[in-house]
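Beneath this line is the structure, given in structure tokens, with notes to follow.
Numbered from 1 within each chain, the chains take letters A, B, ... in sequence-line order. Here the structure is a predicted model, which is why all the values come from computation and not from measurement.
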Amino acid sequence: MNYWLMKSEPETFSIDDLEACPKKTTHWDGVRNYQARNFMRDGMRRGDLAFFYHSNCEPPGIAGVVKIVKTGYPDHTAFDVHDQHYDPQSDPAKPRWYMVDVQFQRKLKRPISLEELRKYSNGALEGLALLQRGNRLSITAVSATHWKFILALE
DNA sequence: GCCAACGTTGGC
DNA sequence: GCCAACGTTGGC
């Protein structure tokens with residue numbers, strides 16, 4: 001079992017939006033970064049858990065927990081000319097971009113803000129990818145130790 | 001294969 | 001809205 005952190009701008013798609021989805025499940029489309037793709041295509045396993053992180057909002061931070069319920073498969077939005085995430089260089093015969101399905105598990109009892117997480121950047125959360133300088137990666141790995149520590153902050 | 005220009009992310 | 005960080009693109 002692995003742990004992850006997945007960012008989303010709540011104005012675009014929030015944890016409440018996910019909870020409102022049929023079966024509280026959706027596909028995590030639109031990722032157009034190779035490192036993040038590789039995590040979804042090669043790293044994520046069914047049953048893995050991920051923090052749902054709200055980015056580009058006030059305050060940014062971890063809002064809840066989701067579960068990976070379907071492993072990596074081609075991101076069809078890359079094939080759709082009318083989609084915002086269309087990529088002519090991805091074609092169904094050789095897809096460039098992948099996505100997974102995630103299911104809502106729960107919201108945290110209280111959101112854990114980035115500011116709060118940073119307090120531990122030189123301590124218990126040292127090495128957490130989210131806190132690495134200038135990390136804009138939308139999907140990152142979380143160690144089991146860091147996962148437990150963050151949940152204990154609730 | 002280098003690297004300048006460009007586009008995007010995301011905290012502030 | 002600004003802008004630093006940094007991934008990607010494309011000319012050479």
Problem - SB check A/R106 A/E19 (cutoff 4.0 Å) - result: no
Exercise for the section: State whether A/D16 and A/K107 are salt-bridged, where the test is any N-O pair (Lys NZ or Arg NE/NH1/NH2 against Asp/Glu carboxylate O) under 4.0 Å. Expected result: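 Yes, charged N to carboxylate O under 4.0 Å.
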Nearest heavy atoms of [X] and [Y], plus distance in Å:
X      : Y      : value
A/V100 : A/T71  : CG1-C, 4.0 Å
A/L128 : A/H146 : N-CE1, 3.6 Å
A/D75  : A/R32  : OD2-NH1, 2.9 Å

Just the table, please: protein N/O against nucleotides 8-12 of chain B N/O, every pair under 3.5 Å.
from: B/dT8; atom 1: O2; to: A/R136; atom 2: NH1; distance (Å): 2.6
from: B/dT9; atom 1: O3'; to: A/R136; atom 2: O; distance (Å): 3.2
from: B/dG10; atom 1: OP1; to: A/K7; atom 2: NZ; distance (Å): 3.1
from: B/dG10; atom 1: OP1; to: A/R136; atom 2: O; distance (Å): 2.5
from: B/dG11; atom 1: OP1; to: A/Y53; atom 2: OH; distance (Å): 2.8
from: B/dG11; atom 1: OP2; to: A/N56; atom 2: N; distance (Å): 2.9

Handout entry: Ring-face cation of A/R37 near A/Y98 (centre distance under 6.0 Å, axis angle within 45°)
Key =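 Checked: cation-pi criterion not met.
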Handout entry: Nearest-angstrom distance from the residue atom CG of A/N33 to P of B/dG7
Key =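 Roughly 18 Å, once rounded to whole Å.
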Handout entry: Side chains of A/F104 and A/F52 in contact at under 4.5 Å (non-hydrogen atoms)
Key =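 No, side chains not in contact.
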Problem - Side-chain (A/R110) to main-chain (A/L153) donor-acceptor, under 3.5 angstrom - result: yes
Practice task
List in numerical order all residues of residues 82-100 of chain A for which some heavy atom is under 4.0 Å away from an atom belonging to DNA chain B.
Solution key: none
